[in-house]
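Single-structure report; data block below.
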Amino acid sequence: MDWTDIITLINEGKWEQARQEIDGLKGIAAWNDTAAIAEASVCQYENDEEGAYDCIAEGLKYNCRNYELYVMLGNYYLSRNINQAYLCYENAMFYCEEEEDGQYIRQCLKDVRNQGSMVMPVSIVIVSYNNCQMMQNCIQFIRDTAPRSAYELVVVDNNSSDGIAEWLEQQSDICLIRNMENRGFGGGCNQGAKAAQPDNDVFFLNNDTLVPANAIFWLRMGLYEHEQVGAVGSVSNFVGNGQQVSETFPSVAEYLVYGEKINVPDRNPYERKVWLSGFGLMIKRRALDEVGLFDLRYGKGYYEDNDIGVRLRYAGYHLLLCRNSFIFHYGSQSFGKSAETGKKIKENGLVFQDKWGFNIDDYTYPRLGILSFIKQEKEAPIRVLEVGCGTGMKLSKIKYQWRNSVIKGIESKEKVAQLGKDYLGVEWGNAEMMKLPFENNYFDYIIFSNVLETFHSPEYVIGRLKPYLKDSGRMLFSIYNAMHVSVVMSLLGGNFAYAGAKALDKSHICHFAFHDIASMMEQCGLIIEDLQGTTEEDTMRSLPEDMREALGKLAANNTELLQVFEYLVVAKKE
């Protein structure tokens with residue numbers, strides 16, 4: 001007997017026999033999508049909905065275009081999320097080539113609409129500027145991988161000169177806006193959003209992208225995960241903001257195969273963000289209407305995606321990175337060609353800072369090395385407090401990696417803390433003075449993220465927080481090294497310069513070198529379990545040889561202490 005025979009047993013209502021045969025075939029017969037359909041069907045009969053979901057997920061990993069599995073996934077979501085059920089049926093219809101089954105799926109779509117599904121199509125807004133072949137490929141991949149009922153195409157051409165505008169004019173399925181000048185990314189996106197169907201959600205997509213199978217589907221599933229979701233974004237091979245995948249491949253084709261393998265159901269697909277990269281940003285229409293379009297003060301590009309993300313967060317919307325939606329991104333096809341790119345990034349960073357009162361880069365690019373000291377299994381219900389958490393991006397990473405964790409944070413800058421409030425457990429306050437709203441012996445980990453330097457009395461702050469740490473818990477510290485060669489060289493030159501040296505940030509009141517850290521831990525009643533130094537670059541190597549020798553003598557021949565940029569410390573209670 002094979003998997004097809006088991007499907008026959010199921011169709012005949014012989015459920016117990018089907019289960020026996022499935023259990024007998026496991027580990028013997030090769031697993032495929034037919035096997036997934038068989039076992040998922042039996043699980044549903046046995047009222048094991050979660051078991052059915054796992055089977056469906058495994059089946060779609062084998063064949064991500066199996067329409068029957070999307071129907072079953074829609075059935076799973078019927079009692080959980082009517083909007084996601086609709087999306088599953090719509091995707092099933094896209095892949096279905098059987099007329100009789102197609103009629104059944106169309107009835108499912110009609111039924112969920114009658115039950116209140118409010119899913120709208122998505123208007124895919126693409127700004128075009130030359131790169132003719134790349135633009136054509138981008139459009140074709142959308143056509144090949146998404147249901148026609150699910151989207152409209154809106155393209156804004158910024159005065160291209162390579163023939164792409166003329167090609168776009170010939171496409172019957174594209175709403176085209178032709179500009180006589182280059183209005184930049186933000187300006188073009190705003191034009192496209194205004195020209196889109198007024199009730200549609202909006203997907204801002206770079207033209208140097210290729211959309212693998214189901215990438216748009218899983219983005220839409222994320223957008224309708226719950227009412228508070230305002231925007232979603234994909235992972236990619238070329239993107240910042242912690243959205244880049246670690247895997248690398250030598251060819252585009254291999255990236256597309258990789259995309260198909262990860263664009264599948266996932267028990268833990270979402271990572272919370274406070275902004276999402278504009279290369280592929282999908283926004284719910286009512287959220288976009290509420291916060292407004294891209295801010296044009298950023299000109300032709302950079303930081304307009306940070307800006308709209310911050311506005312969405314202040315309005316109370318959630319932004320989700322969908323780690324089960326991969327989009328291939330060539331990257332730097334327009335901006336990267338300009339010699340002024342670095343200057344423009346710096347200028348727009350200052351525009352953002354002037355508007356919002358803080359540097360977004362300081363608070364959304366966390367240093368994650370300290371997370372390697374969290375040793376619990378990924379399913380462990382750990383409790384973590386981070387002092388100096390910024391917007392909560394390190395906490396978000398913890399929540400994603402340890403999905404059963406409880407996360408809390410303290411951030412002293414009010415506008416920054418608001419971005420993670422009621423979203424990532426961030427409280428606004430100064431840990432040196434604020435009333436601490438925690439239970440004694442509660443946390444498994446208390447993390448001090450390069451924040452001890454900002455307190456008048458770091459020992460006092462550690463002492464204040466120590467009662468909230470479990471006896472078995474650990475305090476984790478990241479501490480800038482005030483003995484770093486950049487600081488020493490500045491002092492030898494007669495300067496105590498803050499610019500460019502994190503160890504001498506203007507917010508710092510205290511400064512620490514190696515022996516200071518050991519002394520402070522002892523004074524606070526903590527035992528150091530591990531202490532590691534991290535380096536960013538070999539600054540010593542760039543110095544003249546005689547200068548290196550002189551510095552070595554000053555450092556008692558311990559030049560490693562001069563090269564450490566940051567210390568990572570693990571400590572426990574005595």
Side-chain angles (χ1 to χ4, degrees), residues 122-146 148 151-196 202-212 215-216 233-234 236-240 249-256 259 277-282 293-294 296 298-305 326-345 347-348:
V122 61
S123 294
I124 304 175
V125 175
I126 306 173
V127 177
S128 166
Y129 181 65
N130 294 326
N131 292 317
C132 180
Q133 187 61 59
M134 199 166 286
M135 183 71 192
Q136 291 173 343
N137 292 341
C138 176
I139 295 292
Q140 193 57 51
F141 266 78
I142 293 169
R143 290 169 173 164
D144 292 345
T145 60
R148 190 63 192 88
Y151 69 90
E152 71 162 341
L153 282 169
V154 181
V155 178
V156 180
D157 185 79
N158 270 333
N159 197 27
S160 295
S161 58
D162 66 347
I164 185 58
E166 289 73 21
W167 180 84
L168 290 166
E169 281 187 331
Q170 298 171 7
Q171 309 305 304
S172 60
D173 61 340
I174 294 177
C175 171
L176 175 64
I177 301 168
R178 290 192 67 173
N179 290 329
M180 295 300 104
E181 61 182 357
N182 188 340
R183 297 194 178 183
F185 177 77
C189 285
N190 288 355
Q191 286 179 281
K194 290 175 183 176
V202 181
F203 183 27
F204 299 107
L205 182 66
N206 278 19
N207 68 340
D208 59 342
T209 57
L210 299 175
V211 179
I216 293 175
S234 295
S236 184
N237 58 294
F238 189 97
V239 64
F249 302 97
S251 70
V252 174
E254 287 171 282
Y255 273 111
L256 296 174
S277 172
F279 94 97
L281 174 62
M282 188 178 291
L293 298 170
F294 288 111
L296 298 184
Y298 297 100
K300 292 184 178 180
Y302 300 113
Y303 285 92
E304 69 286 322
D305 47 7
F326 173 87
I327 294 177
F328 178 81
H329 185 206
Y330 286 99
S332 299
Q333 296 301 309
S334 296
F335 296 127
K337 295 177 181 178
S338 171
E340 298 295 311
T341 295
K343 179 181 176 183
K344 184 63 177 174
I345 292 172
E347 289 175 350
N348 278 3

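These values consider heavy atoms only, across backbone and side chains, with no hydrogens, waters or symmetry-generated copies. Residue numbers start at 1 and run along the sequence shown.
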With E254, which residues qualify under salt bridge (Lys or Arg N to Asp or Glu O under 4.0 Å), at least two apart?
none

Sequence neighbours excluded, the answer for salt bridge (Lys or Arg N to Asp or Glu O under 4.0 Å) partners of D173 is R143

Quick one: do S161 and N130 satisfy side-chain contact (heavy atoms from CB on, under 4.5 Å)? Show the steps, please.
CA-CA 6 Å; S161 58; N130 294 326; 3.5 Å; yes

Which residues share a side chain to side chain contact (heavy atoms under 4.5 Å, CB included) with [X], sequence neighbours left out:
| X | value |
| --- | --- |
| T145 | V211 |
| I345 | Y302, Y303, T341 |
| S236 | V239, F279, H329 |
| Y255 | N237, T248, F249, F326, F328 |

Work out which heavy atom in [X] is nearest to a heavy atom in [Y]; give both atom names and the distance.
| X | Y | value |
| --- | --- | --- |
| I142 | L153 | CD1-CD2, 3.9 Å |
| S234 | I327 | OG-CD1, 3.4 Å |
| G280 | L205 | CA-CD1, 4.3 Å |
| A146 | I216 | CB-CD1, 4.3 Å |
| V154 | A195 | CG1-CB, 4.4 Å |

Mind checking side-chain hydrogen bond (donor to acceptor under 3.5 Å, both in side chains) for [X] and listing every partner two or more places apart, or none if nothing turns up?
| X | result |
| --- | --- |
| E169 | R178 |
| Q170 | none |
| D157 | S128, S160 |
| N179 | N158, Q191 |

Value rounded to 0.5 Å, distance of [atom1] in [X] from [atom2] in [Y]:
| X | Y | atom1 | atom2 | value |
| --- | --- | --- | --- | --- |
| Y129 | K300 | OH | NZ | 7.0 Å |
| K344 | Y298 | NZ | OH | 11.0 Å |
| I164 | N131 | CD1 | CG | 9.0 Å |
| F141 | L256 | CZ | CG | 5.0 Å |
| Y330 | M134 | OH | CE | 5.5 Å |
| I139 | L210 | CD1 | CG | 11.5 Å |

One pair to check against side-chain contact (heavy atoms from CB on, under 4.5 Å): F185 and N206. What are the steps and the verdict?
CA-CA 9 Å; F185 177 77; N206 278 19; 3.5 Å; yes

Salt bridge (charged side-chain N to carboxylate O under 4.0 Å, His left out): which pairs involve residues 183-193, sequence neighbours left out?
E181-R183

Would you mind telling me which of V156, V155, I126 makes a side-chain contact (heavy atoms from CB on, under 4.5 Å) with L168?
V155

Do the side chains of K194 and L293 get nearer than 4.5 Å, heavy atoms only?
yes

Report the residues that fulfil ring pair (Phe, Tyr, Trp, His ring centres under 6.0 Å) with Y151, sequence neighbours left out, ordered by chain and then residue number.
none

